[in-house]
Each structure stands twice: as structure tokens, then as C-alpha cells.
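Report on the following structure.
Counting begins at 1 with the first residue of the sequence. The model shown is predicted, which means the values in this text are computed figures rather than measured ones.
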Amino acid sequence: MSAMPKTEAPNRYFSTDSETKPDPISGKRPKILHYGVGGTWKRSRSEKLMPCYDPSTGAVIAYAPQCTAAEVEEAIAAAAAAFPAWRDTPVSKRVQVLFRMKHLLDEHLEELTRLCAEENGKKWDEAQGDILKVIEVVEFACGAPQMMKGESLMNVSSGYDTVQFREPMGVFAGIAPWNFPAMIPQGWMAPICLATGNCMVLKAASFAPQSAMRITELWAEAGLPEGVLNIVTTSRNEAEILLRHPDIKGVSFVGSTAVGQHIYATAASNGKRVQALTEAKNHALVLQDAVLERAAQSIINSFCGCAGERCMALPVVVVENAIADKLVGLVKDLAEKVNLGAAYDKATGMGPVVNKGHKDFVLNWIETAIKEGAELVLDGRKPDVASGCETGFFVGPTIFDHVTDEMSCGREEIFGPVLCIKRVDSFEEGLKVMNASRFANGSVIFTESGHYAREFAKHTDGGMVGINVGIPVPLGIFGFTGHKQSFFGDLHCMGKDGFMFFTETKNVTSTWFTGKAIPAKVTTWDGTMTR
């Protein structure tokens, strides 16, 4: 769509132009979204606007600007200008902003939940969880005075003391995906970055940017100074600026492996820190001593939750042959009972995928699996949906059995509600199948055996391990520790790693001469050796 006529925007993240045609499905005029820079929301000069949909109905609800290179540079400049004062603000005062932010998020929980559900397609409790995860990390980041403390030692060498500080670095870029439009940009990225005294330019996901934009408004209401947090929507071309600009000190990214590898290589070669969280193909191993009914319920939650659009979904179940038929039957029965409907209807069991392009992507993977010889147990290509959702982007729960390692459907990330069953004869074979994956975000075992649980935790490649837990995502006080091609970088997001990523250490060694004899000679290793 070409750009709407330019009008003066109020200081909000969107406006509605009378020239914008009402959407034929909803009958409402879509919002025109702005970009936030230096504490002001501005109408982009770009001629390119990207449609944002309500996935439950297929209606266009907003247009996001493909911000120009100059506008991205403007956001970086605003962050760089704000950094000195924010860096020098005592950490105790910085976290006061976060305390106020936590209360604002609580107050606006219902509003933000609906916005997230409407723009992304998560059902109500999942969308609410998206917001609650923001609150969780904001609460954790309030501990910055403790987490930023350094170390010290008196008399490290005779008459010399050393003190180590942790300091903010400058401006960071956050490049966020569409599948968690609140949690990732405003939870995983912003709170620790800001609490440690850095500034940030967020590139929100063009498919679903409104949750991040509305929360940016709340940061301002909480008292965050102008320019400390800026937000844009761009194409990949303009996002390249964030990877190369000399004022950007680090990049936090969540998205596909191919893009993550590019970001890691490009930003690192330009002297920046990088944490790139990428794709996954998580596996669960179900042993014959598992409580199958409970395991089946966890599997349904894990592969159908968020319509499978999460890197910690459970798209592959490796099951011992002795119980495979029973488990497949249990999972199929539960999956057939999942009701599909509008994300913001609290009775909905599973919402839609994010847009038509992604729906087609998932459907193509289903076709691929059929061609590769996987046995289609449950077909979700033409699901029954709630009234009013006929034009939405729905894919029903889909189950394939007898998937082998030779099939690409069992190796590659589908990112939809599609489950692949792989059958094995033993724990050892199952672990080998799981560790053959090039991804290692999470891995799960269902068993009542302490021996096998311990062996699994010790030998699995997965960075986040579940024992009878289908989605083994740790709380934000721990890092999100993907391994292999699920992560590129050295320091993970959240937890202690998060504070280390957004700060650098400075060691100060000192000595004083008052009251003691000045040495006749200063040696090469002055103060750094003990003999």
C-alpha cells in the first residue's frame, strides 16, 4: 500500500486517517502506526506501509511504516544523545522507573492482553502470559543494584588495591520477532538493557508491532527519559544499519537461524556484542514407564500452544515402540477436542497463525510431510472454526506418525501446530535421535525413572531440559540457554548472562604514597606481582 497523506500526529503510537479505506471484513479504518524517537511519536516519511492483520478474522487492523534509513539513523542519534545522562543516573533511581513500570503493566494487563491477542493470534491466556513475562523480567531487572555490583580486593599486591565495576556500554539494538510481540522486545531485551544504564533502539516486528509500541508509551509514563528507548519498524535493508552503525554497541536478536547467522557475523565483524536466539526443533522422549495420560496433555499444550509458533514448542515426540500406539491414540483424541476460534474469545482452545503467508508456509510443510511418506494421523488443513472466523488464518492440530530422520519434516522447524512422532526401541536410541538435531533449544523426557531422568539431563544436547515438563522455559532469573544452531553468541538473554551482556567490566588498581616512602625505582610489573 502507498503511504497515506501526511498529517500532524498526536503524541501517540498511531493515528487514523479519514482517507484510509475501511477494511472490508471489519468495516473499521486501520490505524496508521508511527515510530518513536526521542520521546515523540512521528509519522514516517516512507512511501511503504506494511499491513498488520487480526489473524482471527483476516481483517487489516493497522499499517506499519517501513521506516527510512534516515529515520533509523534519527533513532540511533536520539539514543546516543540520551546515553550520557541515563548512564550517570544512579542505578537506584533507574530502577525506580522500573518499579513504576511494573505497576503500569499490572494496571494495563487486560488492555495489553487484548492487543497482543488481536495482532498476533494467541488465545487469551497465552496473550496474557506474553504480558506477564514482560512483568517477570521487569521485576527481575529491579535487582540491578545487586546484579551490577563488582568485586574488590584490598592489598592485592603490597600497598595496592583493586576494585572491579560493571558499567553500561551505550546504545543497543533489539531486533524482535512477531511470535511474542510483547515478551521478547519488552521483556527479554529492554528491561535489563535500560536498568543497567544503556539506551536502546527497538526494531519491532512489522507483522505485530503494536504491543511493543503501546508498552513503549507506558515506559514514558513511568518516567523513562526521552531518547532512552526508541522504536522503529523497518525492512531488512534498513535494519542493516543497526548491525554496522558505530554508535550501536550490541545487538539482541530473536528469529530465524539464517538471519541470526547473518546478524552474528555482520555485527560481530563490526565490533559489536551479539546474542542471536534462533530456530529450534525440540524433541521429547516418552519412555514406557511414563504417566501417559499426563504426558499426552503436556504434548498437546506444547505443540498446540501459541499455534506452535514458538521456539520452545514440542514439534517432535520420540516414543518407545512398546507404548507408541497408545500414546498416539491419546494425543489424537485430545487434539481432536481442541476448539479453534478468535484469539480474544476466552473460550477458544487454539488461535490462528499470524497471517496468510505463514499459514501457507505451514500448509506447505504438511504437504511435504505427506510426500515424504509420513503417516497423516490427524489433518488440520481444513479445520472447523468458530463463527465469524471463517476468513481467519487457521491451521488445526496436525499429527504425523512414523516420521524418520531422513524426512525434512522431522528435522526442520515448521513453526505451526504440527506434531511428528518418531518411534524407537530404547532410551539410548531415543537420545541418539534427539541429539542428531542441529538445533538444541530444549529437550524433554517423560519418565518415572530417576536413573533415566538423570542420564537424560546429563547427556542431552538441549540447553533447556524438561523432566515431565513439556515447555522447559526457565523463569527470567535464569538465562534462556539455547545451544547448537539455536543460538549464536556468548551471553544468553536474561539471568546473570543478561546483565553481563549489557555491561562491561572495568578494573581500577590504586596505590597511595602519603605516609610512606616513595620507592626509588618503579618496576615493569609495578603493583601487578606479589614477588
Side-chain angles (χ1 to χ4, degrees), residues 120 130 133 172-181 183-185 187-189 202-208 234-236 239-240 242-243 250-270 272-283 302-303 306-316 353-354 357-358 361-362 365 408-416 418 420 434-444 460-465 471-474 476 478-495 497-498 501:
N120 171 266
D130 207 316
K133 281 293 182 180
F172 282 79
I175 302 177
W178 49 261
N179 63 318
F180 282 89
M183 179 187 79
I184 291 176
W188 291 10
M189 296 175 179
L202 271 179
K203 178 195 173 296
S206 300
F207 292 165
T234 72
S235 74
R236 289 185 179 180
E240 283 287 313
L242 300 172
L243 311 182
V251 180
S252 181
F253 166 81
V254 179
S256 72
T257 293
V259 175
Q261 287 176 312
H262 169 73
I263 287 174
Y264 180 60
T266 305
S269 69
N270 281 273
K272 307 183 191 312
R273 290 189 175 182
V274 184
Q275 52 180 204
L277 291 75
T278 53
E279 295 175 37
K281 193 71 171 180
N282 304 323
H283 287 50
S302 302
F303 97 88
C306 300
E309 297 169 321
R310 55 185 176 189
C311 65
M312 287 300 288
L314 194 57
V316 182
V353 298
V354 70
H358 192 64
F361 176 82
V362 176
W365 265 114
S408 62
C409 63
R411 299 193 309 269
E412 303 300 324
E413 187 177 64
I414 296 175
F415 223 56
V418 180
C420 296
M434 298 173 79
N435 284 346
S437 175
R438 65 189 177 104
F439 304 114
N441 233 20
S443 59
V444 175
T460 180
D461 289 344
M464 289 165 280
V465 181
I471 301 287
V473 178
F478 296 96
F480 192 90
T481 49
H483 292 171
K484 294 166 79 169
Q485 291 192 31
S486 293
F487 178 76
F488 298 89
D490 299 306
L491 295 168
H492 296 273
C493 73
M494 299 184 292
D497 270 21
F501 179 76

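Counting only distance, with no hydrogens or angles, the side chain of Glu279 and the backbone of Thr257 share a donor-acceptor pair below 3.5 Å. In this structure, Thr481 contributes its side chain and Gly463 its backbone to a donor-acceptor pair below 3.5 Å. The closest donor-acceptor contact from the side chain of Ser269 to the backbone of Thr266 lies under 3.5 Å. In this structure, Asn282 contributes its side chain and Pro315 its backbone to no donor-acceptor pair below 3.5 Å. Checking side-chain atoms of His492 against main-chain N and O of Phe487 turns up no donor-acceptor pair under 3.5 Å. Checking side-chain atoms of Thr278 against main-chain N and O of Gly260 turns up no donor-acceptor pair under 3.5 Å. Using modelled atom types, no side-chain atom of Gln275 and backbone atom of Gly489 make a donor-acceptor pair closer than 3.5 Å.
Pairs engaging residues 484-493 under the salt bridge (charged side-chain N to carboxylate O under 4.0 Å, His left out) rule: Asp461-Lys484 [sequence neighbours left out].
Proximity of Leu243 to Val274: side-chain heavy atoms (C-beta onward) are nowhere separated by under 4.5 Å. Side chains of Cys493 and Leu277 form a contact here, defined as non-hydrogen atoms less than 4.5 Å apart. Put simply, the side chain of Val444 reaches to within 4.5 Å of the side chain of Pro472, judged on heavy atoms. By the 4.5 Å heavy-atom criterion applied to side chains, Glu309 and Trp178 are counted as neighbours.
Under the 4.0 Å criterion applied to side-chain N and carboxylate O atoms, Arg310 and Glu413 are not assigned as salt-bridge partners.
Here Leu202 contributes atom CG and Leu242 contributes atom CG; the two are 10.0 Å apart, rounded to the nearest 0.5 Å. Atom NZ of Lys133 and atom CE of Met494 lie 7.0 Å apart (nearest 0.5 Å). Atom-to-atom distance recorded for Lys203:NZ and Met189:CE is 10.0 Å, nearest 0.5 angstrom. Between the OG atom in Ser252 and the CG atom in Leu491 there is a gap of 11.0 Å [rounded to 0.5 Å].
Closest approach of Gly410 to Val316, counting heavy atoms only: O-CG2, 4.1 Å. For the pair Ile414 and Val362, the tightest heavy-atom approach, listed with the atom from each and the gap, is O-CG2, 4.0 Å. The minimum heavy-atom distance between Met464 and Gly482, with the atom names listed, is CE-N, 3.8 Å. Taking all atoms of both residues into account, the shortest heavy-atom contact from Asn441 to Ala280 is CB-CB, 3.5 Å. A pairwise comparison of heavy atoms in Lys281 and His283 identifies O-ND1, 2.7 Å as the closest pair.
Screening Phe253, Phe180, Phe480 for a ring-ring contact (aromatic ring centres under 6.0 Å, His included) involving Trp188 leaves a single residue, Phe480.
Ala204 meets the side chain to side chain contact (heavy atoms under 4.5 Å, CB included) test with Pro209, Ala212, Ile231, Thr233; sequence neighbours excluded. Ser443 meets the side chain to side chain contact (heavy atoms under 4.5 Å, CB included) test with Met434, Phe456, Thr460, Val465; sequence neighbours excluded.
For CZ of Phe361, the number of neighbouring non-hydrogen atoms (other residues, nucleotides, ligands) closer than 6.0 Å is greater than 12. Within 6.0 Å of CZ in Phe488 there are more than 12 heavy atoms belonging to other residues, nucleotides or ligands.
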| Working for ring-ring contact (aromatic ring centres under 6.0 Å, His included), residues Phe172 and Phe501 | CA-CA 10 Å; Phe172 282 79; Phe501 179 76; 5.6 Å; yes
